[in-house]
2 protein chains.
Amino acid sequence: MKLTIKEEDYLETIYRLSANLDSIRISDIARSRGVTMPTVISAISRLKESGMVNQSYYGKVYLTAAGKEAATEVYETHSILRLFFGEVLGLSMEASEENACKVEHGISREVIERLKKLIYFMRNCSSKAENCRFRNIDNVFPQSDGETGFNQ
Amino acid sequence: MKLTIKEEDYLETIYRLSANLDSIRISDIARSRGVTMPTVISAISRLKESGMVNQSYYGKVYLTAAGKEAATEVYETHSILRLFFGEVLGLSMEASEENACKVEHGISREVIERLKKLIYFMRNCSSKAENCRFRNIDNVFPQSDGETGFNQ
DNA sequence: TGACAATGTTAGAATACTCTAATATATTCT
DNA sequence: AGAATATATTAGAGTATTCTAACATTGTCA
């Protein structure tokens, strides 16, 4: 019953749309993902078969309990990654968002838990200057653009 | 001319095999990636069309200059991610390797450069105890297993 | 209410990736 | 060299993902 990357992407899109819309149409998903409606229809029909989504002929799209659970997991992963890229690495909002989208699939629970700790730790660092002095890693070395000198 | 994730995976596999083997066969790649030989043949034929690989009928596989360049880039990304997971997040070697494989595609150059800085910074932290006291993030909070209390 | 616009669906196609089964070529060993 | 083994290739199939074109249904507003 493992979902593909694309299936997870569609679930996440539906989940995110449901924050702003009370009912979700095929066209909303298509617009949001930048694909055509037939593409969405085909994705949704696969998700219906996996029991992740409900949708009747010409009807609205709903996540099932299983679909909501899967979507929530992907979304939480996405959110933590976005925070990490933004707060710890100091990337712009757009770059953080974009990288989070690329990376959010297949990363382990363990990584997410430790990223949470790292973000937490860094937030503490930033407020207690005697302990550690940085806000994000770009702030620590604003001048040296990449030359940290590793080979492995 | 953008490569797919799988194409990058095959290039990286060839690149890594070339460290230990002086000539690379279809069967080496198949074994290394856990796929069948016809699958490799089909991947290689696509890579030949993109000018990333050379291989003659029943012959050995070679990366072209472009192939080597692409493979090197993926491999460097992989290596930095592995270091980050191991040194900063404190994951096991196997978990670091596995997560690096999943994440290495599509992550931006900017992220890699800042991860380098972060690893560098952490290495410095570890040696200068007055500045910051950790070896890896799991070491800082060895007890609290995940409860850092965020909601976003 | 009927026409037009918006939305949804089906049909048919293409690409990427994988497999198994069958066949062809190379390599190795006696 | 000839047989046995290893390796490579082709053929054919299946799934996932996307598209365009054609058609169906729904919604809106004049």
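The structure presented is a predicted model; accordingly, all values stated were derived computationally and were not measured. Here is the naming used below: chain letters follow the sequence lines, and residue numbers restart at 1 for every chain.
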Within the structure, does a side-chain N or O atom of [X] lie under 4.0 Å from either OP1 or OP2 of [N]?
X: B:Lys6; N: C:dT18; answer: yes
X: A:Gln55; N: C:dT7; answer: no
X: A:Tyr58; N: C:dA6; answer: no

| field | Shortest non-hydrogen contact between B:Gly51 and B:Ala66, atoms and distance | value | O-CB, 4.1 Å
| field | Nonpolar side-chain network containing A:Leu11, other nodes, edges under 4.5 Å | value | A:Leu3, A:Tyr10, A:Ile14, A:Tyr15, A:Leu17, A:Leu21, A:Ile24, A:Ile26, A:Ile29, A:Val35, A:Met37, A:Val40, A:Ile41, A:Ile44, A:Leu47, A:Met52, A:Val53, A:Val61, A:Leu63, A:Tyr75
| Hey, what else clusters with A:Tyr57 if you join Ile, Leu, Val, Met, Phe, Trp, Tyr whenever side-chain heavy atoms sit under 4.5 Å? | A:Tyr58
| note | Nt span of DNA chain D in reach of chain A heavy atoms at under 4.0 Å, 5' end first, is D:dA16 to D:dT25
Round to a whole Å and report the spacing from [atom1] of [X] to [atom2] of [N].
X: B:Arg33; N: C:dC17; atom1: CZ; atom2: C1'; answer: 11 Å
X: B:Met37; N: C:dT23; atom1: CE; atom2: P; answer: 16 Å
X: A:Lys60; N: C:dT7; atom1: NZ; atom2: C1'; answer: 11 Å

| Are any of the side-chain heavy atoms of A:Asn99 and A:Leu81 separated by less than 4.5 Å? | no
| query | Do B:Glu104 and B:Arg82 have side-chain heavy atoms sitting under 4.5 Å apart? | reply | no
| request: Scan residues 23-30 of chain B against DNA chain D and write down, sorted by residue number, each residue with any heavy atom closer than 4.0 Å; if none is found, say none. | output: B:Arg25, B:Ile26, B:Ser27
| field | Of residues 39-53 of chain B, the positions that come close to DNA chain D - non-hydrogen atoms, cut-off under 4.0 Å | value | B:Ile41
| query | Are a donor atom and an acceptor atom from the side chains of B:Ser50 and B:Arg46 found within less than 3.5 Å of each other? | reply | no
| field | Co-membership, hydrophobic cluster, residues B:Leu115 and A:Leu115, 4.5 Å side-chain | value | yes
Could you tell me which residues satisfy side-chain contact (heavy atoms from CB on, under 4.5 Å) with [X], sequence neighbours excluded, listed by chain and number?
X: B:Arg114; value: A:Leu89, A:Leu91, A:Ile137, A:Asp138, B:Glu110
X: B:Glu73; value: B:Arg109
X: B:Ser45; value: none
X: B:Thr4; value: B:Lys6, B:Glu7

| field | Sequence-distant partners of B:Glu98, side-chain hydrogen bond (donor to acceptor under 3.5 Å, both in side chains), two or more places apart | value | none
| task | Please list all pairs passing the side-chain hydrogen bond (donor to acceptor under 3.5 Å, both in side chains) test where one or both residues lie in residues 62-71 of chain B, with sequence neighbours left out. | result | none
| First of A:Tyr57 and A:Tyr10 reached from the 5' end of DNA chain D, by closest nucleotide | A:Tyr10
| So which of residues 13-22 of chain A are in contact with DNA chain C, with a heavy-atom cut-off of under 4.0 Å? | none
